[in-house]
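Just so you know, ligand 1 is whichever comes first in the structure, and atom 1 is the first atom listed for that ligand. Only a predicted model underlies this, so the values are computations on that prediction, with no experimental measurement involved.
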Amino acid sequence: MRVYFDNASTTPIYPEVAQHMVEILTENYGNPSSIHGHGRKARSIIEAARKIIAKAINASVGEVFFTSSATEATNTILHRAVVDLGITRIISSPTEHHCVLHTLDRLESEFNIEVIYLTTDDQGQIDLDQLEEICSSSNQKSLVSLMYGNNEIGTITDIARVNAIAEKYNVLFHCDAVQALGKTSIDVQKTKMNFLTGSGHKFHGPKGIGFFYMANNSIIKPFILGGAQERNMRAGTENVAGIAGMAHALQISLDKMENTVEHLLQLRNHFESRLKEEIADIKVNGENALYRLPNVSSISFPPSSTAEMMIFNLDLAGVSASSGSACSSGIEQDSHVLVAIKHPSDRKSIRFSFSVFNTLEEVDYVVEKLKQIVPVHTIDHA
Ligand code: PLP
């Protein structure tokens, strides 16, 4: 058996999305900037996709822009908010994705902006009282960049409260919604934000395609320069099949969302309770957070000699999961998210993340394999 439990990293594409893309790649190969029939057909595919994405988050079509990834979308927004909108202070958290954190490092060193990281508790919950305090402390032109759901431990941020604070103090808000899109309903009219970023491959769409939402009241200039694509907002010939595939995948995900979330919760809850029954001293990172993504289970295993090799041994057993560590000069260290939640460094954390394609049988299989991998901690039921 080969089990794929690394869906927070990327998801398998829906077969109907792949089929849709093949048709576009082979039949609708025109350049959307060309004015002839082939070009116009490709253009109409892009605009249909834009409509789907806009509707999915309750934006207007003019507020959605396609990019090569959520990483590019985030780089675009953060850089251009500083240059075009006069942002001199960015408030974020230490548990953001590297596409935010590394961009903030760059902005701090090159543009001399102030970057403030909010405190995070041991469940990965961001201190929003502190956000309010900071926002109220000065009227410096500020932007808050916080993710909707954490990709490593699954903790969800109270986005409605961030919106309320940002509005109250006239602070711009960028939300990295990569892990939440397709698993929760997002309405940018209800929960207002100036910018939102998303990525096709996290909801069973293709890789190498992303988008951003930019509210009509906070217009930035392009980050990538060249042709006039994306209404002059992002140069480069559009990835027509990728754009269409992403929109199709988001539509399918939202249509099936209720059932999917129920299925994911069933898998996750079964996995966590079975592990606790079978292995001593199991901890679930972020388990006590007020809200969690339904598909992420970040498991902290007690120290043992075999725990260190866990990802390797899981892979040998046919299980793909993700290590919660970063490799720095050959030495394994906890990832920045685990460090932020003060995960004890002698324990070993592994992220298991599920999708609609996973089954309870796979969960049971993985629990059995884990018992064999950390035998010293296996609970004897005899
Ligand atoms: N933000 C989060 C929370 C993510 O999990 C990821 C992907 O791992 C990204 C941003 C980057 O997305 P992309 O792969 O489209 O660059």
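- Between the Glu47 side chain and the Ser44 main chain, no donor and acceptor come within less than 3.5 Å of each other.
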Below 3.5 Å only, please: the N or O atoms of ligand 1 paired with protein N or O atoms, distance on each line.
{"unit_1": "ligand 1", "atom_1": "1 (N)", "unit_2": "Asp176", "atom_2": "OD1", "d": "3.3"}
{"unit_1": "ligand 1", "atom_1": "1 (N)", "unit_2": "Asp176", "atom_2": "OD2", "d": "2.6"}
{"unit_1": "ligand 1", "atom_1": "5 (O)", "unit_2": "Gln179", "atom_2": "NE2", "d": "2.8"}
{"unit_1": "ligand 1", "atom_1": "8 (O)", "unit_2": "His97", "atom_2": "NE2", "d": "3.3"}
{"unit_1": "ligand 1", "atom_1": "8 (O)", "unit_2": "Lys202", "atom_2": "NZ", "d": "2.6"}
{"unit_1": "ligand 1", "atom_1": "14 (O)", "unit_2": "His201", "atom_2": "NE2", "d": "2.9"}
{"unit_1": "ligand 1", "atom_1": "15 (O)", "unit_2": "Ala70", "atom_2": "N", "d": "2.9"}
{"unit_1": "ligand 1", "atom_1": "15 (O)", "unit_2": "Ser199", "atom_2": "OG", "d": "2.6"}
{"unit_1": "ligand 1", "atom_1": "16 (O)", "unit_2": "Thr71", "atom_2": "N", "d": "3.1"}
{"unit_1": "ligand 1", "atom_1": "16 (O)", "unit_2": "Thr71", "atom_2": "OG1", "d": "2.5"}

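- Remark: Glu277 engages Arg274 in a side chain to side chain donor-acceptor pair (under 3.5 Å) (not counting sequence neighbours).
- Salt bridge absent: Glu16 and Lys256 never bring a charged side-chain N and a carboxylate O closer than 4.0 Å.
- Without hydrogens or angle criteria, Thr74 side chain to Ala70 main chain gives a donor-acceptor distance under 3.5 Å.
- The 12-atom threshold is exceeded at CZ of Phe357, counting heavy atoms of other residues, nucleotides or ligands nearer than 6.0 Å.
- Aromatic pair Phe65/Phe211: centroids not less than 6.0 angstrom apart.
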